[in-house]
There are 2 protein chains.
Amino acid sequence: MDNRTRATTFAGEPCDMSSWDAGNCPVRDVMNQIAGKWSTLILEALAERPYRFGELRRLVPDISQRMLTQTLRDLQRDGYIDRQVFPTKPPSVEYSMTELGHSLFAPLSKVLAWAGDNHAAVKAARARFDASELA
Amino acid sequence: MDNRTRATTFAGEPCDMSSWDAGNCPVRDVMNQIAGKWSTLILEALAERPYRFGELRRLVPDISQRMLTQTLRDLQRDGYIDRQVFPTKPPSVEYSMTELGHSLFAPLSKVLAWAGDNHAAVKAARARFDASELA
DNA sequence: GATTGTTGGTCTCAAAAAGAGACTAGCGCT
DNA sequence: AGCGCTAGTCTCTTTTTGAGACCAACAATC
């Protein structure tokens, strides 16, 4: 029963799908962070130049302070961005992209570009689907 | 006060960040779908060859049926995958990647490859961060 | 001929995540 | 004295996700 499942599913796949379990799958481990709702936006901004907390908040108007804080900390934790505190009178914090972050953003920016180029096609597909749904 | 915010934030940016609002931002509109927790996994599988519902479920062991159904419908809605029902005795359903899906997967696979290549670096950064946190 | 398994889902309920908005503290400006 | 700036945190509500039961028709098994 269990061996049949394996046999049916993984009968010599060319692609390595042998370890898609939560723990040992690199794709999931890495993607689950950068796939967040806000991560790509923040990365896109920081890829261009460093920004401060308040600047990012204004740049992405409808992110909550709470999620911005959390997204930034997650990105920092995974080594994509750096956090630097300047002891000015109201202390300011600057976020900047690390080398690792830039190396990730290289391929990621291609996906972002694809999104821009094919937005119309996606919207069209969506409209078609929704139309056929209300039949 | 409002104009000052704009002036401070968008003082002639080289990158086009003029419309990051929820509605008119292509990046957010497209990415919010493929950035889901499971979307990339399903796309990765379907990029290789078509799969049936149950096969996908077994392939990604810890996805719930509910989320698999929903993820597949979202991907279908955006035009990345096709859904074909075969009227066999217990009717079977096959999901396959469309042209649009493949064209998206081209750049996306580069990011996935990056994730595989740099998984160690990310885990290392994470460990460093966590260590400095419990100070 | 009754049980069991298979198909691809849906439904309900609990848990986790995200969003909205008030609140903090120290300093500058007026 | 009162307000606003900084970068956050805290709480509360709403949304999203996960776990698991249930469905109907048919096939093979016992």
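Model, not experiment: these values are computed from the prediction. Here is how names work: the chains are called A, B, and so on, in the same order as the sequence lines, proteins then strands, and each is numbered from 1.
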Query raised in the report: Rounded to whole angstroms, how far apart are CG on B/L72 and P on C/dG9?
Result: 8 Å
Query raised in the report: Bend across the helix from C/dG1-D/dC30 to C/dT24-D/dA7, to 10°, with axes taken over 5 pairs at each end?
Result: 30°
**Report entry** Under the salt bridge (charged side-chain N to carboxylate O under 4.0 Å, His left out) test, residues paired with A/R77 that sit two or more places apart
**Finding:** B/D130
Report task. List the steps, then state whether salt bridge (charged side-chain N to carboxylate O under 4.0 Å, His left out) holds for A/D78 with B/R128. Result -> CA-CA 9 Å; A/D78 280 17; B/R128 251 177 284 123; over 6 Å; no
Query raised in the report: For DNA chain C, whose closest nucleotide is more 5', that of B/R52 or that of A/W38?
Result: B/R52
Report task. Calculate the interatomic distance between B/D74 atom CG and C/dG9 atom P; express it in whole Å. Result -> 14 Å
Query raised in the report: Are the charged groups of A/D117 and A/K110 less than 4.0 angstrom apart, N to O?
Result: no
Query - Positive for side-chain hydrogen bond (donor to acceptor under 3.5 Å, both in side chains) with B/Y95, one of B/Q76, B/E55, B/Q84, B/R83 - result: B/R83
Query raised in the report: What do you reckon, is CD of A/E99 surrounded by more than 12 foreign heavy atoms closer than 6.0 Å?
Result: no
Query raised in the report: For the pair made of CD in B/Q65 and P in C/dT7, what is the distance, rounded to whole Å?
Result: 10 Å
Report summary line: Here the distance between atom C1' of C/dG19 and atom CG of A/D62, to the nearest Å, is 11 Å
Report summary line: To the nearest angstrom, the CD-C1' distance between A/E55 and D/dA7 comes to 13 Å
Report task. Answer whether the closest heavy-atom distance between the side chains of A/I42 and A/L75 falls below 4.5 Å. Result -> yes
Query - side chain to side chain donor-acceptor pair (under 3.5 Å) involving B/D74 - partner list, sequence neighbours excluded - result: none
Query raised in the report: Do the side chains of B/Q70 and B/Q65 get nearer than 4.5 Å, heavy atoms only?
Result: no
Requested in this report: Give a yes/no answer on whether the side chain of B/Y51 brings an N or O atom under 4.0 Å of OP1 or OP2 in C/dG8.
Outcome: no
Query raised in the report: Is the NZ or CZ atom of B/R57 both under 6.0 Å from the centre of the six-membered ring of B/F53 and within 45° of that ring's axis?
Result: no
Listing time: all N or O pairs from protein to nucleotides 12-17 of chain C that are below 3.5 Å?
none

Query - Whole-Å gap separating P (C/dT10) and CZ (B/R57) - result: 14 Å
Query raised in the report: Whole-Å distance between C/dG19 P and A/I63 CD1?
Result: 8 Å
Query - Shortest side-chain distance from B/T69, nucleotide among D/dG18, C/dT10, D/dT9 - result: C/dT10
Query raised in the report: Under 4.0 Å between a side-chain N/O of A/K37 and OP1 or OP2 of C/dG19, yes or no?
Result: yes
Query raised in the report: What are the residues of residues 83-90 of chain B, sorted by number, that bring a heavy atom to within less than 4.0 Å of DNA chain C?
Result: B/R83, B/P90
Query raised in the report: Below 4.5 Å, heavy atoms only, C-beta onward: do B/F129 and A/R73 meet side chain to side chain?
Result: yes
Query raised in the report: Looking at side-chain heavy atoms only, is the closest gap between B/H119 and B/W114 below 4.5 Å?
Result: no
**Report entry** Under the side chain to side chain contact (heavy atoms under 4.5 Å, CB included) test, residues paired with B/D82 that sit two or more places apart
**Finding:** B/S96, B/T98
Query raised in the report: Just how far, in rounded Å, is C1' of C/dA18 from CG of A/L68?
Result: 14 Å
